[in-house]
> 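Structure provided below as structure tokens; questions to follow.
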Amino acid sequence: MAKGDRGAPARGTEVAGEPVPDFVQLLTPDGERIDKSVGADGVEYTVDFTDEEYRGLYRDLVVIRRLDTEATALQRQGELGIWASLLGQEAAQVGSGRALRPQDMAFPTYREHGVLYCRGIDPIMPLSLFRGVDLGAWDPAEFKVNMYTIVIGAQTLHATGYAMGITKDGKVGGDDGEAVLCYFGDGATSQGDVNEAFIWSSVFHAPIVFFCQNNQYAISEPIEKQTRIPLYRRADGFGFPGLRVDGNDVLATYAVTRAALDNARHGQGPTLIEAYTYRMGAHTTTDDPTRYRVASEVEEWQAKDPIARVRAFVEKQQIAGADFFAEVDEQAKQEALHLRERVLAMPDPHPLTLFDHVYPNGSPVVDAQRERFAEYLDSFEGSAH
Amino acid sequence: MAEKLTIGKALNAGLRRALEHDPKVLVMGEDVGKLGGVFRITDGLQKDFGEDRVIDTPLAESGIIGTAIGLAIRGYRPVCEIQFDGFVYPAYDQIVSQVAKMHFRSQGKVKVPMVIRIPFGGGIGAVEHHSESPEAYFAHTAGLKVVACSSPQDAYTMIQQAIASDDPIVFLEPKRRYHEKGEVDLDATYPLHASRRLRPGTDATVLAYGPMVRTALDAATAAEQDGRDLEVFDLRTLSPLDLEPVYESVRRTGRCVVVHEAPSNVGLGAEIAARITERCFYSLEAPVLRVTGFDTPYPAARLEEDYLPDLDRVLDAVDRTFGW
């Protein structure tokens with residue numbers, strides 16, 4: 001499993017005389033395994049996975065991509081209102097999602113379908129949101145993943161408050177301590193809320209890991225529109241360590257996230273991880289990325305594909321053979337098929353449910369409107385409602 | 001058991017009792033700890049309940065509300081102080097898009113039992129952004145409840161009820177009345193979301209809340225000399241409004257005047273007038289009239305006496321309902 005040796009040098013300092021490496025990488029795009037990699041925080045990272053664990057990561061990556069492809073197809077066929085594809089970001093999501101321990105809590109944006117999958121959330125649940133059947137179906141307390149947040153960066157404050165609550169509950173300081181993993185993108189780093197979350201978490205020494213998937217674009221705006229310095233270096237100004245990881249490398253992403261979460265749960269405060277990746281698809285299905293980026297750039301990133309490198313490594317190391325790959329493909333296909341069938345069968349909600357859950361204690365105003373609307377619906381001849 | 005307290009002290013006593021009653025209750029905001037808040041509403045609470053429960057926060061309102069949401073998800077009951085009405089807007093997104101919608105979005109799975117305390121209204125000779133009445137913004141938002149206290153008794157009781165409620169509640173405090181004294185029954189119980197008839201009358205119904213309740217009562221006293229008998233209501237709950245007792249009153253008096261400091265345009269008075277018209281149409285002798293702040297930005301302090309509704313403007317409106 002992951003080792004984040006927090007011995008010398010001290011956190012947040014650079015190794016004297018040595019250049020800070022660009023990012024932590026443990027698996028090259030060609031599938032070459034790098035034994036150890038030093039992060040910008042001066043810490044040496046590695047992983048020690050069993051063959052079974054390597055195969056598990058590969059399976060996650062393939063299934064998640066296949067489900068994502070299915071969701072994009074469902075949108076194109078008019079079955080989803082919109083879809084925010086995670087294509088290209090599978091390793092960042094699986095690496096970080098699998099680094100969570102059961103007691104940890106995650107706060108996602110609206111693109112963390114892979115993280116949800118890793119937490120055991122039925123993939124139908126984010127699809128009900130994008131189909132417009134509900135606004136979020138899973139129970140955050142059950143799966144320890146909060147609801148999707150659409151307003152950019154707003155969830156970083158919720159995550160920070162939750163982490164403050166962990167401290168108040170005395171749940172930091174041991175192996176059974178709890179930590180928060182907070183997702184956001186490169187565009188969000190320009191939001192006031194994200195900067196306030198950095199301040200709060202630093203001042204209150206909250207057990208939180210900020211996981212920024214820098215996929216290079218906020219809809220059409222390239223990263224240069226958000227920052228003049230590498231994003232991970234922002235952490236320095238707020239007083240906690242930051243580092244960049246190859247976000248297309250599931251091993252490195254796992255290693256740095258697991259170490260940062262463990263540091264947080266042991267009372268060492270926040271970390272900012274910048275997972276350097278690329279959004280291979282559109283921002284959402286309503287977007288046309290050919291208007292703002294060139295094909296050669298996409299091709300360049302295609303060569304750094306997060307799944308191809310794991311497959312190359314697993315093949316080279318003879319961790320798995322053709323039967324395994326075929327079996328994983330078949331599983332992914334079946335899950336996607338099953339997902340499709342259930343999306344098509346998903347009933348529209350009853351009109352009167354729009355009045356449900358506005359307030360925990362209800363409201364006479366809402367009750368009166370519900371009653372009036374029910375009478376109105378009933379007034380139509382043959383109303384089946 | 002009864003005590004004579006100012007509104008400010010009554011709020012302090014109510015917060016203290018809530019902190020004693022439930023270990024999950026937190027008080028958080030700018031300067032609420034060591035200083036006890038700029039109006040001293042949280043005076044002494046940090047000393048007695050510790051920095052873990054009475055939290056001096058960084059100076060960022062969105063951060064206060066946003067982190068309070070996370071604490072609420074974790075099981076806490078945060079009571080957030082916004083230092084002045086005009087400083088709530090940096091937190092507007094978190095309040096309107098997050099606090100208000102969590103329960104609805106999650107189909108009841110996530111509760112945000114938060115109280116957002118806002119000292120509101122003018123009359124204290126302050127500089128800009130310290131005298132505003134933002135209630136309509138919040139009353140317009142589904143998922144939020146909005147209440148305003150006007151007396152020491154309500155300050156003491158309502159703050160505890162708001163904290164105990166699972167609904168997110170914007171709690172408006174009449175800052176210019178913080179020093180008004182009154183008898184407080186420490187064991188009083190009555191519903192939070194109910195309007196209250198403070199003065200019975202037969203000739204016209206006057207509705208007010210927060211700092212304007214005192215103004216409306218003074219107007220009623222003055223009207224007596226003109227031989228007019230005004231019925232006065234403290235609305236207390238602005239969302240949801242509790243107007244059934246008001247309808248009963250207006251059907252008797254046939255005349256109604258709504259008073260608030262907030263500007264007129266698309267304000268609470270407009271909603272109230274619309275509802276009264278729907279429900280009391282055949283009883284009305286005159287349209288429902290509004291006495292409000294003007295549709296201008298809040299003016300410089302030397303002009304605020306002209307801007308704010310006062311006794312004479314209330315009486316003028318009552319006169320106009322008789323002249324209709």
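We use all heavy atoms of the structure for the numbers below, so side chains are in, but hydrogens, waters and symmetry mates are not. All values derive from a computational prediction rather than experimental measurement.
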> NZ/B/K145 to OG/A/S363 distance, rounded to the nearest 0.5 angstrom?
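Rounded to the nearest 0.5 Å, the NZ-OG separation comes out at 6.0 Å.
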> Any side-chain heavy-atom pair from B/R275 and A/V365 closer than 4.5 angstrom?
yes
> Is it true that, when you exclude B/E51 itself, more than 12 heavy atoms of the residues, nucleotides or ligands shown sit nearer than 6.0 Å to its CD?
no
> If we only count heavy atoms from C-beta on, is the A/V151 to B/K101 side-chain gap below 4.5 Å?
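They are not in side-chain contact.
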> Can you say whether A/N195 sits under 4.5 Å from chain B via the side chain, the backbone, both, or neither, judging by heavy atoms?
neither
> Tell me, with the steps shown, if A/L157 and B/Q98 meet side chain to side chain contact (heavy atoms under 4.5 Å, CB included).
CA-CA 11 Å; A/L157 284 168; B/Q98 306 297 331; over 6 Å; no
> Is atom NZ of A/K171 surrounded by more than 12 heavy atoms (other residues, nucleotides or ligands) closer than 6.0 Å?
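Incorrect, the count does not exceed 12.
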> Please find the pair of heavy atoms, one from B/T141 and one from A/Y359, that lie closest to each other, and give the distance.
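It is O-OH, 4.2 Å.
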> Side chain, backbone, both or neither: which part of B/I64 has a heavy atom under 4.5 Å from chain A?
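For B/I64, heavy atoms of backbone and side chain both lie under 4.5 Å from chain A.
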> If you count heavy-atom pairs under 4.5 Å with chain B, which of A/T149, A/V203, A/I166, A/I150 comes out on top?
A/I166
> Do B/Q94 and A/D193 have side chains that get closer than 4.5 Å, going by heavy atoms?
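Counting from C-beta outward, B/Q94 and A/D193 do come under 4.5 Å.
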> Which value, rounded to the nearest 0.5 Å, describes the distance between A/Y148 atom OH and B/R105 atom CZ?
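A/Y148 atom OH to B/R105 atom CZ measures 11.5 Å (nearest 0.5 Å).
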> Could you walk me through whether A/M147 and B/M102 pass side chain to side chain contact (heavy atoms under 4.5 Å, CB included), step by step?
CA-CA 9 Å; A/M147 286 179 287; B/M102 283 280 177; 3.5 Å; yes
> Looking at every non-hydrogen atom in both residues, tell me the closest pair between A/K168 and B/Y76 and how far apart they are.
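Minimum heavy-atom contact is CB-OH, 3.1 Å.
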> Say you draw a straight line from CD of A/E178 to CZ of B/R74; how long is it, rounded to the nearest 0.5 Å?
4.0 Å
> Indicate yes or no for a side-chain donor-acceptor contact from B/H103 to the backbone of A/H357 under 3.5 Å, with no hydrogens or angles considered.
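Judged by distance alone, yes, a pair lies under 3.5 Å.
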> Is it the case that more than 12 heavy atoms not belonging to B/Y92 sit under 6.0 Å from its OH atom?
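Yes.
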> Where do A/F204 and B/T67 land on the side chain to side chain contact (heavy atoms under 4.5 Å, CB included) test, with the steps shown first?
CA-CA 11 Å; A/F204 292 101; B/T67 55; over 6 Å; no
> Can you tell which part of B/A142 gets under 4.5 Å to a heavy atom of chain A, answering side chain, backbone, both or neither?
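Contact with chain A involves both backbone and side-chain atoms of B/A142.
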> Can you confirm whether more than 12 heavy atoms, excluding those of A/E371, are under 6.0 Å from its CD atom?
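No.
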> A/D134, A/N361, A/N146: which one forms the most heavy-atom pairs within less than 4.5 Å of chain B?
A/N361
> Quick one: closest heavy-atom pair of B/K111 and A/P360, and the distance?
CE-CB, 4.0 Å
> Using every non-hydrogen atom in the two residues, find where B/I73 and A/F107 come nearest and quote the distance to one decimal.
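For B/I73 and A/F107, the tightest heavy-atom pair comes out as CD1-CE2, 4.2 Å.
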> Checking B/I65 against chain A: side chain, backbone, both or neither under 4.5 Å from a heavy atom?
neither
> Non-hydrogen atoms of chain B under 4.5 Å away: do they reach the side chain of A/T167, the backbone, both or neither?
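No part of A/T167 comes within 4.5 Å of chain B.
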> Do any N or O atoms from the side chain of A/Y162 and from the backbone of B/L71 form a donor-acceptor pair under 3.5 angstrom?
no
> Looking only at heavy atoms, which two atoms of A/A137 and B/Q107 are closest? And how far apart?
CA-NE2, 4.1 Å
> Tell me, out of B/I69, B/D167, B/L144, B/V110, who's got the most heavy-atom pairs with chain A below 4.5 Å.
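That would be B/D167.
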> Between chain A and each of B/P168, B/S106, B/G143, count heavy-atom pairs under 4.5 Å; write down the option with the most.
B/G143
> Taking side chain as everything from C-beta outward and backbone as N, CA, C, O, which of these in A/A197 sits under 4.5 Å from a heavy atom of chain B? Side chain, backbone, both or neither.
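A/A197 has no heavy atom closer than 4.5 Å to chain B.
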> Contact part of B/D242 toward chain A, heavy-atom cut-off under 4.5 Å: side chain, backbone, both or neither?
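The answer is neither part of B/D242.
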> Using 0.5 Å steps for rounding, measure from the CZ atom of B/F104 to the CG atom of A/L354.
6.5 Å
> Is chain A contacted by the side chain of B/S239, its backbone, both, or neither, given a heavy-atom distance below 4.5 Å?
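Looking at B/S239, just its side chain touches chain A.
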> Can you tell me how far apart CD1 (A/I199) and OG1 (B/T57) are? Round to the nearest 0.5 Å.
11.0 Å
> So does B/E248 have more than 12 non-hydrogen atoms from other groups sitting under 6.0 Å from CD?
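Enclosed.
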> Got more than 12 heavy atoms from elsewhere within 6.0 Å of OH, A/Y376?
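Atom OH in A/Y376 is not crowded, with 12 or fewer foreign heavy atoms closer than 6.0 Å.
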> Is B/S62 close to chain A through its backbone or its side chain, or both, or neither, when contacts mean heavy atoms under 4.5 Å?
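Contact with chain A involves both backbone and side-chain atoms of B/S62.
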